[in-house]
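Data first, discussion second: the structure below is written as structure tokens.
In what follows, every heavy atom counts, from backbone to side chain, and hydrogens, waters and symmetry copies are set aside. Note that the structure is predicted; figures quoted are calculated from it, not measured. The chains referred to below are lettered A, B, ... by the order of the sequence lines, with proteins before strands, and numbering in each begins at 1.
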Number of protein chains: 4
Amino acid sequence: MPTSTSKRDHILHSALTLFAERGFDATTIPMIANDANVGAGTIYRYFENKEVLVNTLFQHYVTLFTNTLEENYPQDHSIRDQFHHLFQGMVRFTNEHEHALYFIKTHNAAYFLDDTSREHFNHLLMILQNFIDEGKEEKQIRELPSKALIAIIFGGFLELFKLIRAGDIEASDELLAGVEESCWDAVRHPE
Amino acid sequence: MPTSTSKRDHILHSALTLFAERGFDATTIPMIANDANVGAGTIYRYFENKEVLVNTLFQHYVTLFTNTLEENYPQDHSIRDQFHHLFQGMVRFTNEHEHALYFIKTHNAAYFLDDTSREHFNHLLMILQNFIDEGKEEKQIRELPSKALIAIIFGGFLELFKLIRAGDIEASDELLAGVEESCWDAVRHPE
Amino acid sequence: MPTSTSKRDHILHSALTLFAERGFDATTIPMIANDANVGAGTIYRYFENKEVLVNTLFQHYVTLFTNTLEENYPQDHSIRDQFHHLFQGMVRFTNEHEHALYFIKTHNAAYFLDDTSREHFNHLLMILQNFIDEGKEEKQIRELPSKALIAIIFGGFLELFKLIRAGDIEASDELLAGVEESCWDAVRHPE
Amino acid sequence: MPTSTSKRDHILHSALTLFAERGFDATTIPMIANDANVGAGTIYRYFENKEVLVNTLFQHYVTLFTNTLEENYPQDHSIRDQFHHLFQGMVRFTNEHEHALYFIKTHNAAYFLDDTSREHFNHLLMILQNFIDEGKEEKQIRELPSKALIAIIFGGFLELFKLIRAGDIEASDELLAGVEESCWDAVRHPE
DNA sequence: CATGAATGAGTATTCATTCAT
DNA sequence: AATGAATGAATACTCATTCAT
């Protein structure tokens with residue numbers, strides 16, 4: 001087993017958790033090293049500096065999330081089915097990577113993100129935008145700017161998962177189904 | 001003209017803008033002083049330290065927002081009217097205090113907030129919660145946890161205003177009316 | 001009554017107390033201003049800066065102490081009488097200017113004293129030295145370097161007054177007579 | 001060679017010298033770092049902050065001095081022999097740790113000393129006090145408050161060593177014997 | 001490769017000093 | 001003359017980064 005790969009993963013995982021919980025600026029390299037059970041200097045074997053680390057992390061999880069959404073995308077199904085696929089993707093991704101989506105949400109406009117990170121994030125937005133645009137063409141989704149609709153779904157969904165993570169509400173299947181319905185009603189074309 | 005009051009206000013305003021744009025940890029006292037056109041030491045004449053400054057700021061704007069929502073609250077009108085009042089309050093507050101709501105949103109769970117700040121914020125949430133609870137009783141609002149519904153509206157709305165501030169979309173009356181309708185559909189009881 | 005003179009005196013008096021209690025470096029100008037009931041800026045009307053203030057203060061009290069010792073000096077009396085005069089002078093000066101001698105003692109080798117201050121202090125030492133030298137000539141005082149003997153008396157006496165000021169022992173006439181005898185025995189020529 | 005131990009020692013040694021020469025408040029961390037040939041940040045690897053440093057230093061040398069006085073204490077010998085032991089201990093300690101006793105003397109009443117430091121210092125005083133008390137019982141030492149007698153010896157002795165350090169007088173064996181005799185005469189019971 | 005001790009640039013904060021009122 | 005608000009240089013302390021082991 002390649003130890004070094006495992007170390008790199010530990011570092012990334014610890015960084016994700018800490019960045020999500022405290023934010024980039026309030027997280028120190030020694031904190032990450034300590035949480036990952038490696039020496040502080042070791043982090044610099046894998047990442048040139050703290051900004052490279054956060055960008056690597058950001059790109060990694062944005063890509064992972066993008067893949068989750070794109071995988072088995074029901075292109076030929078109904079808009080409502082597509083929405084279900086996307087929503088389920090968000091739920092699954094959040095379950096698999098506890099802090100990832102919250103980290104993405106709280107850091108996607110940060111001053112330290114490089115061009116590549118921004119491109120990755122834009123690609124993610126594009127998936128949602130394409131869905132919205134198609135939905136609007138088919139008169140299934142209401143006539144509002146795509147970005148606004150994405151903001152409403154994405155914003156609401158993430159704010160919700162913040163509560164779930166904090167333990168304020170419990171993520172039962174029933175709740176998730178209700179939230180999906182609520183979000184769908186927010187974007188779908190009114191009768 | 002009371003210069004000192006004006007200086008305190010300049011400091012608060014600059015801090016609001018910078019905290020909203022970069023976050024508390026990434027904002028230095030010299031940055032604030034520079035933006036407010038005062039000496040770094042001057043900030044300490046008005047605020048004991050950086051944490052007192054951010055808590056003062058937080059409480060100030062949460063109170064202002066709370067007042068905006070509570071003022072002329074249409075307690076005896078329909079739930080839909082109450083929702084309109086709240087939504088309009090959010091819009092008006094955001095127009096009057098460009099960065100305030102985003103600052104509140106991004107800092108309301110921060111490690112440096114004191115008890116008073118948390119109480120103020122909880123009072124704000126209570127207004128929304130009361131509205132939701134009444135709506136659910138009247139079967140006007142769907143059966144989801146109140147916190148979840150608040151998250152969906154609040155989250156979506158703020159994510160949207162982030163876009164408006166960034167210049168990605170324009171805040172026309174038409175757009176706002178559409179967004180209000182969208183948010184309402186997200187929470188209202190489905191037929 | 002010239003108010004400004006009175007203000008200057010208040011400043012000097014407060015500075016003396018605070019420098020004696022906390023030391024020069026741990027005493028701030030606002031502390032002195034506050035204690036003297038004047039504005040901080042006012043201190044700069046009377047003293048160019050903090051170092052000028054401490055040097056003025058030092059010279060003032062060294063001069064006062066010197067005068068106390070020189071006044072009615074019993075040049076033609078016995079060495080023991082001269083010693084009594086000096087010891088009584090120390091006691092009287094300390095009673096009249098509670099913190100002055102301790103301030104002189106704790107600051108006489110400080111890095112911020114200017115040449116004039118050092119000269120004044122040397123003049124004070126000279127009085128004691130002359131007494132010692134005469135006493136040694138007359139075989140009344142033991143054969144040790146004058147500076148050493150001064151150190152022994154001066155050091156012991158001041159350490160004692162530190163205790164009296166701190167309230168650890170009480171300055172009765174009996175105690176003082178005993179201490180004078182003790183100090184005299186330390187310097188007088190042994191049979 | 002354990003570098004880290006040596007670094008810690010260098011820091012302590014530089015701090016001792018500078019605190020003795022300039023006092024705690026007038027000594028900056030960069031001054032100490034510079035004198036110890038370490039980076040300013042290194043000091044914080046060994047001492048939590050400046051106050052911890054000065055307390056560590058104080059306790060270290062008070063303990064060392066206490067040990068020097070207690071070692072081989074001639075409990076069953078005459079009071080004069082005990083005095084000789086104590087005096088020799090002071091001399092030896094001062095020769096071995098040039099600035100230590102002066103540092104202790106000038107900082108033993110400082111506002112930044114913690115309880116442990118005060119306890120250590122009180123223990124040191126207790127040694128001297130016990131000696132004085134026994135001497136008074138045996139009518140070998142004059143009837144003055146113990147604290148006063150300690151002040152006279154301790155004060156005089158340290159004032160003297162300040163002169164020796166400053167190079168004003170030379171510390172020959174002859175001088176020290178004379179000073180010991182002088183100090184003894186100050187405290188011993190007069191015929 | 002991995003480490004963590006060491007560094008010094010950068011941050012929050014204090015305080016001597018100035019100056020408009 | 002007197003004030004105290006305002007300033008910014010200086011200080012204690014932190015932390016990203018380096019490098020000897």
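- To the nearest 0.5 Å, the span separating CG on D:Leu12 from NE2 on D:His60 amounts to 7.0 Å.
- Checking side-chain atoms of C:Lys50 against main-chain N and O of C:Phe24 turns up a donor-acceptor pair under 3.5 Å.
- One interatomic measurement links the two molecules: NZ of C:Lys7 to C1' of F:dA1, which rounds to 9 Å at whole-angstrom precision.
- Judged purely by atom type and a 3.5 angstrom limit, D:Asn108 uses its side chain to pair as donor or acceptor with the backbone of D:Lys105.
- Map D:Gly41 and A:Glu48 each onto its nearest nucleotide of DNA chain F; the residue landing nearer the 5' end is D:Gly41.
- Rounded to whole Å, the distance from CG on B:Asn34 to P on F:dA6 is 17 Å.
- For the OP1/OP2 pair of F:dT3 and a distance below 4.0 Å, the side-chain nitrogens and oxygens of C:Thr42 include at least one atom meeting the criterion.
- Atom CD of A:Glu51 and atom C1' of F:dC15 are 14 Å apart (whole Å).
- Residue B:Gly39 is the one, among D:Ile29 and B:Gly39, whose nearest nucleotide of DNA chain F lies closer to the 5' end (criterion: closest heavy atom).
- Checked against a 6.0 Å centroid threshold, the rings of A:Tyr61 and A:His97 count as neighbours.
- If D:Arg45 and C:Thr27 are placed on DNA chain E by their nearest nucleotide, the residue sitting closer to the 5' end is D:Arg45.
- As a whole-Å value, the separation of C:Leu18 CG from E:dC15 P is 13 Å.
- Across the interface with DNA chain E, nearest-nucleotide mapping of C:Ala40 and B:Asp25 shows B:Asp25 to be the residue nearer the 5′ end.
- As a whole-Å value, the separation of A:Asn49 CG from F:dT17 P is 5 Å.
- We find that NE2 of C:His10 is positioned 12 Å from P of F:dT3, with the value rounded to whole Å.
- A donor-acceptor pair shorter than 3.5 Å can be found between the side chains of B:Asp114 and B:Ser117.
- When the nucleotides F:dT18, E:dT7, F:dA6 are ranked by their closest atom to the side chain of D:Val38, E:dT7 comes out on top.
- Rounded to whole angstrom, the span from the NZ atom of B:Lys50 across to the C1' atom of E:dT11 amounts to 8 Å.
- Across the strands present, F:dA2 finds its partner in E:dT21; the criterion is a Watson-Crick or G-U wobble pair with both atom distances under 3.5 angstrom.
- Going from atom OH of A:Tyr44 over to atom C1' of F:dA16 covers 4 Å, rounded to whole Å.
- Shown here, E:dT7 forms a base pair with F:dA16; the pair counts as Watson-Crick or G-U wobble because both key distances fall under 3.5 Å.
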